[in-house]
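Letters go in sequence order (proteins before strands), and every chain restarts at 1. Not measured: the values here are computed from a predicted model.
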Amino acid sequence: MPELPEVETVRRSLELHLAGRTITGVEGEAVKLRRPLDPKSLARILVGRRLEAFRRRGKFLLVDLEPEGTILVHLGMSGRLQIAQPSEPRLPHNHLVLLLDDGRELRYADTRRFGLVDWLAPGAEAMDSSLSKLGVEPLDPHIAEILPSLLHARRAPVKALLMDQRLIAGVGNIYAAEALWRARIRPTRAGNRTSLNRLTNLAVAVRGVLTEAVAQGGTTLRDYATPEGGYGYFALELKVYGRQGEPCPSCGSTLRAGVIAGRTTAWCPICQR
DNA sequence: CCAGTATCCTGCAGGC
DNA sequence: TGCCTGCAGGATACTG
């Protein structure tokens with residue numbers, strides 16, 4: 001589900017509503033997510049700690065605790081974080097609940113279990129097997145200087161490169177398709193067969209589409225919602241994602257679709273070369 | 001090292 | 001009305 005704009009929206013919501021709260025209890029059953037989740041052992045660590053800061057790295061969310069340590073969260077395809085009152089019914093597949101000192105709960109639900117919740121002890125962040133491999137942040141002010149040479153050195157289709165978290169961290173299937181349409185680059189084009197000029201345009205398009213999506217609260221297609229239960233309105237701005245068969249918003253030709261790196265992608269056969 | 005494919009899991013839409 | 005197939009905002013283990 002969630003790419004950078006959705007994770008950033010969740011981050012801001014948690015920061016606004018939960019900063020300073022203390023964890024008073026942990027509930028949930030052990031379950032195999034991307035990494036094993038064991039609420040009982042988490043409870044021994046987390047109870048009594050305070051939610052101090054909320055950070056994002058790529059599609060990962062990091063919750064810094066006082067006096068020390070960090071909770072690492074990834075939402076995978078179907079993960080959701082929800083701020084709720086105890087009286088509100090829990091979502092299906094609610095795997096973890098943090099009870100807070102003001103009576104509210106922070107709940108993690110993940111239908112498909114491609115996400116993760118993990119505990120990072122002090123110092124563990126730099127060594128983490130997922131975090132340590134992440135590439136540049138797309139909202140980095142220098143992205144237009146950094147990204148072109150990275151992509152130009154590879155033979156894979158640019159669409160696959162944009163979604164490779166080791167190169168650029170936070171872009172997924174929706175925003176890769178949208179950025180390529182904006183930059184007028186065909187998603188099948190190889191990185192090393194795309195000029196540095198055009199790759200610079202692509203980097204600017206990536207930053208632009210992500211910035212606008214964050215401003216709209218992300219993209220709600222199916223189950224994504226903010227922790228307060230709101231939706232992301234960038235779905236209204238999507239030009240090509242999921243629109244195969246419809247007219248290109250720029251030139252009117254019929255958008256086509258294909259599979260690149262195992263993911264369906266739509267593009268305009270006229271605008272995008 | 002690089003590129004491409006299979007795999008993890010549940011739910012839902014569409015075809016027969 | 002079922003039943004079956006394919007597909008979905010992702011990451012990674014594996015193959016060639």
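- Contact check, H74(A) against dA11(C): a side-chain N or O comes under 4.0 Å of OP1 or OP2.
- Under 4.0 Å is where a charged nitrogen must lie from a carboxylate oxygen, and between E88(A) and R107(A) no such pair does.
- Of the candidate nucleotides dA8(C), dC9(B), dA11(C), dA11(C) has the atom lying nearest to any side-chain atom of R34(A).
- Side-chain atoms of Y241(A) lie closest to dA8(C) of the nucleotides dA3(B), dG11(B), dA8(C).
- Aromatic stacking of F114(A) on dC9(B): not satisfied for centres closer than 5.5 Å together with planes under 30 degrees.
- For H93(A) and dC9(B), the shortest distance from a side-chain N or O to OP1 or OP2 is not below 4.0 Å.
- Salt bridge annotation for E105(A)-R90(A): present, with a cationic side-chain nitrogen under 4.0 angstrom from a carboxylate oxygen.
- Ring geometry, H95(A) versus Y108(A): the interplanar angle falls from 30° to 60°, so the pair is classed tilted.
- As rounded to the nearest Å, dC9(B) and dC3(C) have P atoms that lie 24 Å from one another.
- Counting atom types as modelled, R113(A) pairs no side-chain N or O with a base atom of dC9(B) as donor and acceptor under 3.5 Å.
- Between the base of dA3(B) and the side chain of R154(A) there is no donor-acceptor pair shorter than 3.5 Å.
- Between the side chains of R35(A) and S130(A), at least one donor N or O sits under 3.5 Å from an acceptor N or O.
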